[in-house]
Amino acid sequence: MPELPEVETVRRGLLGLIGKEILAVELNRTNLRFPFPEDMDSIAGRKILSVDRRAKYLLIRLENDLTLLSHLGMTGRFGYDLEGKHDHVIIDFVDGSRLVYTDPRRFGIMDLIHGGDDHKLLNHLGPEPLDSGWSGSQLYQSLRGRNVSIKSALLDQKIVVGIGNIYASEILFRAGVSPKRLAKNVSKKKAEEIYNQTQIVLLTAIEAGGSTLRDGQFKQIDGNLGYFPHEFAAYDREGENCVSVECANTIKRVVQSGRSTFFCSHCQR
DNA sequence: ATGAACACCTGACTGC
DNA sequence: TGCAGTCAGGTGTTCA
Ligand SMILES: [Zn+2]
């Protein structure tokens with residue numbers, strides 16, 4: 001679930017841990033999606049200096065050039081309280097507080113980076129959608145010649161990072177572009193509109209604290225929910241009325257590359 | 001090189 | 001109640 005707005009929301013929550021010194025780390029199993037690093041214990045004795053985000057990855061900066069890299073997968077979350085059998089990592093702080101990583105499906109990742117940001121998983125990522133370096137014309141260039149649907153292209157983290165299955169549907173609805181349109185057939189003008197709506201959707205979702213779906217899996221660090229689902233125009237609205245006042249259609253669901261896409265065939269061309 | 005399918009794993013929900 | 005089938009925020013790997 002965690003797409004850019006959710007990960008960014010978690011990042012902002014983790015900023016409250018800056019200055020805390022790690023006492024110990026408890027691993028309740030040997031791996032998540034990949035094995036934990038052998039030297040995970042080496043985070044003990046270090047203070048948290050800052051918390052950054054790259055794509056859907058969290059980068060927890062520790063003293064002496066060590067970075068704790070974390071990806072939440074589909075169901076990963078950080079919290080202060082023990083939740084139960086899916087608590088896989090517990091970080092205890094010297095001040096007596098703790099941080100718990102819970103992840104039922106275990107698609108998450110935790111690893112250490114020594115020195116800079118040189119990590120296999122970070123090295124081939126595309127541009128950040130909210131950075132000034134990205135633009136509608138750059139998106140247009142990335143889409144040229146691509147024989148995939150625009151929906152699949154927005155999910156491709158080499159084209160742009162951070163957009164996942166929820167926000168891809170929301171962005172395309174607001175941009176008025178059919179998710180089935182081939183990327184190579186998106187006009188310059190429409191690419192600009194997709195860029196504009198990407199900014200609006202992601203920033204609005206961050207302000208809302210992300211999206212907590214009906215299963216309630218995603219929570220902010222402090223346990224609060226993410227309220228962006230109130231703004232959903234397309235995602236998970238199959239059969240419901242299109243939000244456009246001039247439109248009598250209902251939202252349809254199709255499967256693209258194995259993933260659900262929600263859209264209005266009248267409003268999106 | 002590109003794009004689709006598969007794999008990883010648990011839990012919630014639906015229909016019989 | 002139980003059981004089989006479907007679906008879920010992601011992404012590295014495999015296959016055509
Ligand atoms: Zn419509």
*Rounded to the Å, how far apart are A:Q217 CD and C:dG10 C1'?*
14 Å

*Tell me: CG of A:D236 to C1' of C:dC7, nearest whole Å?*
11 Å

*With respect to the phosphate group of C:dG10, does any side-chain polar atom (N or O) of A:H71 fall under 4.0 Å of OP1 or OP2?*
no

*Report the C-alpha separation of A:E8 and A:R12 in whole Å, then their side-chain angles, then the decisive distance to 0.1 Å, and conclude whether the salt bridge (Lys or Arg N to Asp or Glu O under 4.0 Å) test is met.*
CA-CA 6 Å; A:E8 178 62 21; A:R12 294 179 183 189; 2.9 Å; yes

_Side chain of A:F34 only, heavy atoms from C-beta on: which candidate in C:dC7, C:dT11, C:dG12 is closest?_
C:dG12

*Under 4.0 angstrom, heavy atoms only, what part of the nucleic acid is A:Y57 near: base, sugar-phosphate, or nothing?*
sugar-phosphate

_Please classify the nucleic acid contact of A:S260 as base, sugar-phosphate, or nothing, using heavy-atom distances under 4.0 Å._
sugar-phosphate

_How many whole angstroms separate atom NE2 of A:H124 from atom P of B:dA1?_
12 Å

*asked:* Does B:dG3 have its OP1 or OP2 closer than 4.0 Å to a side-chain nitrogen or oxygen of A:S257?
replied: no

*Separation of B:dG3 P from A:K151 NZ (nearest whole Å)*: 16 Å

_Residue from A:V201, A:D156, A:L154 passing side-chain contact (heavy atoms from CB on, under 4.5 Å) with A:I163_ = A:L154

*Within the pair A:R259 and C:dG10, is there a side-chain N or O less than 4.0 Å away from OP1 or OP2?*
yes

*base_contact_polar (B:dT2 base, A:R146 side chain, donor-acceptor, <3.5 Å)*: no

*side-chain contact (heavy atoms from CB on, under 4.5 Å) partner of A:E128, the single match among A:D131, A:L125, A:L130*: A:D131

*Spacing of A:H119 atom NE2 relative to C:dG12 atom P, expressed in whole Å*: 11 Å

*Write down the distance separating the P atoms in C:dT11 and B:dA12, rounded off to the nearest Å.*
24 Å

*Would you please determine if the base of B:dC9 is stacked by A:F107, with stacking meaning a centroid separation under 5.5 angstrom and planes under 30 degrees?*
no

_Working for side-chain contact (heavy atoms from CB on, under 4.5 Å), residues A:I194 and A:V177_ = CA-CA 8 Å; A:I194 292 169; A:V177 175; 4.1 Å; yes

_Taking the six-membered ring for Trp, are A:Y167 and A:F228 closer than 6.0 Å centroid to centroid?_
yes

*Select base, sugar-phosphate, or nothing to describe what A:L121 touches, counting heavy atoms under 4.0 Å on all strands.*
sugar-phosphate

*Report the distance from atom CG of A:L58 to atom C1' of C:dG10, rounded to the nearest whole Å.*
14 Å

*Under 3.5 Å, is there an N or O donor on one side and an acceptor on the other linking the side chain of A:R105 and the base of C:dA8?*
yes

*asked:* Both A:S152 and A:R214 contact DNA chain B. Taking the nearest nucleotide for each, which residue is further toward the 5' end?
replied: A:S152

*Figure out the CZ/P separation between A:F218 and B:dA12, and round it to whole Å.*
19 Å

_Parallel, tilted or perpendicular: ring planes of A:Y101 versus A:H88, cut at 30 and 60 degrees_ = tilted

*For A:D103 and C:dA8, what is the distance between atoms CG and P respectively, to the nearest whole Å?*
18 Å

_Distance, P atom - from B:dA5 to C:dC7, rounded to whole angstrom_ = 14 Å

*Run the salt bridge (Lys or Arg N to Asp or Glu O under 4.0 Å) check on A:K20 and A:D95 step by step: do they pass?*
CA-CA 7 Å; A:K20 290 189 185 238; A:D95 69 2; 2.8 Å; yes

*Within less than 4.0 Å of OP1 or OP2 of B:dT10, is there a side-chain N or O belonging to A:R106?*
yes

*Quick one: label A:G258 by what it contacts on the DNA or RNA (base, sugar-phosphate, nothing), any heavy atom closer than 4.0 Å.*
nothing

*State the pairing partner of B:dC9; accept Watson-Crick or G-U wobble contacts with both distances under 3.5 Å, and report none otherwise.*
none

*Considering only side-chain heavy atoms of A:H86, which listed nucleotide, B:dG11, C:dG10, B:dG3, is closest?*
B:dG11

*With DNA chain C as reference, determine whether A:K56 or A:K120 sits nearer its 5' end, using the nearest nucleotide of each.*
A:K56

_From C-beta outward on A:N165, which listed nucleotide comes closest to its side chain: C:dG10, B:dT10, C:dG12?_
C:dG10

